[in-house]
Amino acid sequence: MENELVSKDVVLEAIEVSKQVSSPEGSLTILSEVSFRIAAGESVAVVGPSGAGKSTLLALLAGLDLPSSGYVVLNGANLSELDEDGRAGVRADSVGFVFQSFHLVPSLNALENVMLPLELAGKNDARAAARRIIEQVGLKDRWSHYPSQLSGGEKQRVAIARAFATEPAVLFADEPTGNLDSRTGANIMELMFELNRSSRTTLILVTHDQSLAMRCDRMLSLDGGRLVSDSEVAA
Amino acid sequence: MRAVVFALRTFGRELRSGEVLVLLAAVSLAVGALTAVGFLTDRIGKAVARQANEVLAADLRLRSQEPVPAEWSELAAGYGLDTAETMSFPSVVFAGDNSALASINVISDGYPLRGEVRVADQLFGEQREVDGIPAAGEVWADGTLLARVGADIGDLLSIGEIELRVSAVLTYRPDQSIGFASLAPSLLMNAADISRSGLIGEGSRVSYALLVAGDEAAVNEFNEAIQDRLPESVRVRSQEESSERAYNAADRAQRFLSLTAVMSLLLSAVAVAMSARRFAHRRMDAVALMKSLGATQGFVIAVALIQLTLLGVLGVLVGSIVGFAAEEVLSRILVDLIASDLPNPGLRPVVLASGSAMVLLVGFALPALIQLRNTPPLRVLRHDAMPPAPSRLLVSGLSLAAVAALLYRSVGDPRMLVILISGITVIAAALYLVGRGLVFLIGRSRSGVGVAWRYGLANVSRRGRASAVQVVAFGLGLTVLLLLTLVRTDLLEGWRQTLDEDAPNHFLINIQPNEVEAVGEFFEKNGMRVPSFTPLVRARMTSINGESVKDRKYPNEDGRWLANREANLSWTAEMSASNELLEGEWWPRDYDGPPLVSIEEESAVNAGLTIGDRLKFFVAGQEVEAEIASIRKVNWDSFQPNFFIVLSPGALEDMPTTYISSMKIEDDQKAMLVDLVRSYPSISVIDLGAILQQVRGIIEKASLAVQAVFVFTLAAGIAVLFAAVQSTIDERRFESAMLRALGARRRTVFLGVMAEFAALGIAAGILASAGASVLAAVVAVQLFQLPYEFNPLLWVVGVAAGVFLVCISGFFAARGAINAAPADVLRWAT
Ligand SMILES: Nc1ncnc2c1ncn2[C@@H]1O[C@H](COP(=O)(O)OP(=O)(O)O)[C@@H](O)[C@H]1O
Ligand SMILES: [Mg+2]
């Protein structure tokens, strides 16, 4: 009874997740036995020095890669039990991404880039929905521009619009301001938190910027592949 | 459905990226080469088929050097068949003081039984088909003939002892390719006029024919009925036999052309494979992203397949247009050589080429695209995450299958296919090794050069594999161009030089025995050396060592043809100076024993004849058997009268004989020839100079056409270069920007890149010059029996052309990288 209640609330759970990779010097553990639960609507910062395993953890949480041991349960689905297409389906339904290096499709214009996840999820009114959200991120007049015609900040706005377009249950952001100057970065983060609040999305934000992390509800600290602290942030 | 929308949406923009353009160009080139050659061979094929149907102007043609006895036409009539008779021989035609050699065709009512005669009502006028034959007292003459003698419709022509009026310009007769006609312009006259003309003497070189046509079954019955009853002097030609040789020749030409197309195709395949790899690589990030956004493997594959199909369709479209244009050019070049009034070839070549394009894409582009499906979505976070390399077995299996499928059509026989593919593999591997060797040498030479060159040469050896492929691809195209331009003129020139300045340039044929003395006196009176007269007796070989020539097995088709055709025999006491004895012994000067015979070397080999074999000939109703006493080599280039088969004196005594002679006649002496043929109308003068000119013209045109086909090969070589440069363009762009950031001037960067292409061009030029030299030597020695002379110009032109072409193409392929701004180093993210 209690379990059911919990699982209804928990949108993302890591259970003793480890990742090993083989390297010329033998097997290398880059993540060891990380466990936590994240409730719907929470915003969580993942922090740690470079090379701590933040991106690796993010990849496992989003099902971009599989853990060597342990499980990730995303929106009720045990990712280890799914094949690649199955995990793609989960992502299409409930995951959004914002990357450090934007990752827009260069052959599609801004609007089409935003339409992409909507279409992949089989939404009907993709174009209209994409237009609405493009307006929301302040690119009303730039929708027909291609990535090569946009500045870094504008590209990231398109990426954010794309991430929120499907109203995903969980939004993953991997150092979204890493490639931007501090003012543009601040604007972008403002936009992200705002959209997060209004759409009640769960946000997993990887960053090494302490001040950004402080704006989240909760902070997971990684170091050398281990979870060293998991703390509520006092607002 | 979503995949379709997505594929279409991105396709337009993808088209603008370099690698897609190269992919498209490669497919278009392959299609273009295949359609052009397809059109051309289709035309050749149709021309041959049409000729085969009409060439006899009948269903059966009974040929003889004597009038065909009336009983045979009566017999044919008994089977309900139509008949007509023809006589043909060369003779000189006069109009006033002008004269020209013509092929006189005397025809009876009903001619032609198959096909149509076409005439025009004025010189170079519109042609029309006619029923019937010229009325008695009239002729239809070829426009060339009329032009040569300066006559027009309505004028009189003297033929032998009579004058006939020209009533129409002859533009086409179905059997024009039979006999002497291919060299001399034709004239048709009514059989009613022939007896008055005095042209038909004993031993004249007249071919008689009885044409028979009608219901197919009746023709076959008649053919069977006459088989065993025909005298040896009469030969029956049916359509199948007559077309066989033409078909064989056409078939060879078609295969050769198809193989040249295949060469373009294979190079295009290399370009397709290279640019498809680049295409896949460039799309990896997008695919990873789409997968991170939830796209399935099926979606990724569907998009790749749809885009591949679109590319194929577009490539076929562009390629067909190129092919149509090329065909137009080719048929203009070849307008006199192949019938140009044929209906346009259908769309068949386009359909076949489209199929080939799809096979090409599936075999060479698909593996790279399929691999996209395995792109790990992790790549969005870790840029070095790559899909596993496609299995080598799959890649080589698919491409091998594709090559086999593409070649099968031009080869048409599995055993040949295996041989050909093994051959191609071996040659490709050898060429690749040579390419690697050249690239290695280039790498070694870089210590002694300036910074720009060192940078360029270093790049050549760093990308060793791709460099070698480019050298070979370009080298192949160049080789053929060199072969067809420089080497061809070299060979023709070399051949011309071996001809003796004083070699005869005119042949006199059909001199009657009783005219020999008078003709000799004629020359003496005109202050010329009296030529020697060589006897000629027309005969048929009937058996070899007692076995019928029809049943005998021959080492090759040429041998069968030699034994079965009408033979020209001669006799002499002394061997001609232009002959060389290879085997056996020449008969003594005063030999008068049983008949002996001497055979020309190549004929002996082809027909499988050796010393001691007994040959039986049928000559004017009599049989003569002779034993082979010697085998000779003949220098045909001497332009002396020479024969494959020469008998000992006395063997052919009393047989109907004519004489032939050859002589050198200077331009200012030609007027005398008119007097000669006036006085002796049955003598024909053949101007070798004019014939050689014609032959040279044919060779020039044919090689021009082949060259046009090989332009595709060169273009495919350029496509390979573009593909190779494309696949390294990011790297190049970054390096250029980096060099500039480090302080290199734009000029230095430009020179460095051009140095790289110049080096590749030199290597390709060396490869091409070496290839062309080797092939030229083989052709010279094997085909022309000429000593091969090393031509340093070939190497100069080869290397210069290589550098020029590669540098120009390379510049266009790499200009984006050359122009990279230093600030580009700092711009990375998309
Ligand atoms: N596939 C892999 N092979 C080898 N090493 C890896 C692989 N993935 C991650 N690593 C290593 O694991 C460590 C953690 O990487 P990452 O998660 O990207 O760190 P962060 O994002 O915290 O900077 C790094 O030292 C990285 O080099
Ligand atoms: Mg990271």
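Keep in mind the model is a prediction, meaning the values are calculated, not measured. Lettering follows sequence order; numbering is per chain, from 1. All values below were derived from every heavy atom in this structure, side-chain atoms included, with hydrogens, water molecules and symmetry-related copies excluded.
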Over 12 foreign heavy atoms within 6.0 Å of CZ, Arg462(B): yes
What residues of residues 358-369 of chain B sit under 4.5 Å from chain A when you count only heavy atoms? none
Within residues 73-85 of chain A, which residues come under 4.5 Å of chain B, heavy atom to heavy atom? Glu84(A), Asp85(A)
Pick from Thr166(A), Leu116(A), Val95(A) with the largest number of heavy-atom pairs that fall under 4.5 Å of chain B: Leu116(A)
Can you tell me which portion of Arg162(A) sits under 4.5 Å from chain B's heavy atoms? Options are side chain, backbone, both or neither. side chain
By a 4.5 Å heavy-atom criterion (distance strictly below it), what part of Ala59(A) contacts chain B: side chain, backbone, both, or neither? both
Any side-chain heavy-atom pair of Leu64(A) and Arg379(B) under 4.5 Å: no
Given 3.5 Å as the limit, does a donor-acceptor pair link the side chain of His103(A) with the main chain of Val380(B), or not? yes
Can you check whether anything in residues 296-311 of chain B gets within less than 4.5 Å of chain A, heavy-atom wise, and list it by number? Thr296(B), Gln297(B), Gly298(B), Phe299(B)
With rounding to the nearest 0.5 Å, note down the distance linking OG1 in Thr56(A) to CG in Leu378(B). 8.0 Å
Determine the minimum heavy-atom distance between Ala88(A) and Ala295(B), stating which atoms define it. CB-O, 3.4 Å
Just wondering, are more than 12 heavy atoms of other shown residues or ligands nearer than 6.0 Å to CZ in Arg226(A)? no
Segment of Tyr146(A) engaging chain B (4.5 angstrom heavy-atom cut-off): side chain
State whether the number of non-hydrogen atoms from other residues, nucleotides or ligands found under 6.0 Å of His145(A) atom NE2 is greater than 12. yes
Does some side-chain heavy atom of Leu289(B) sit less than 4.5 Å from a side-chain heavy atom of Phe99(A)? yes
Residue by residue, scan residues 15-28 of chain A and write down, ordered by number, those that have a heavy-atom distance under 4.5 Å to chain B; if none do, write 'none'. none
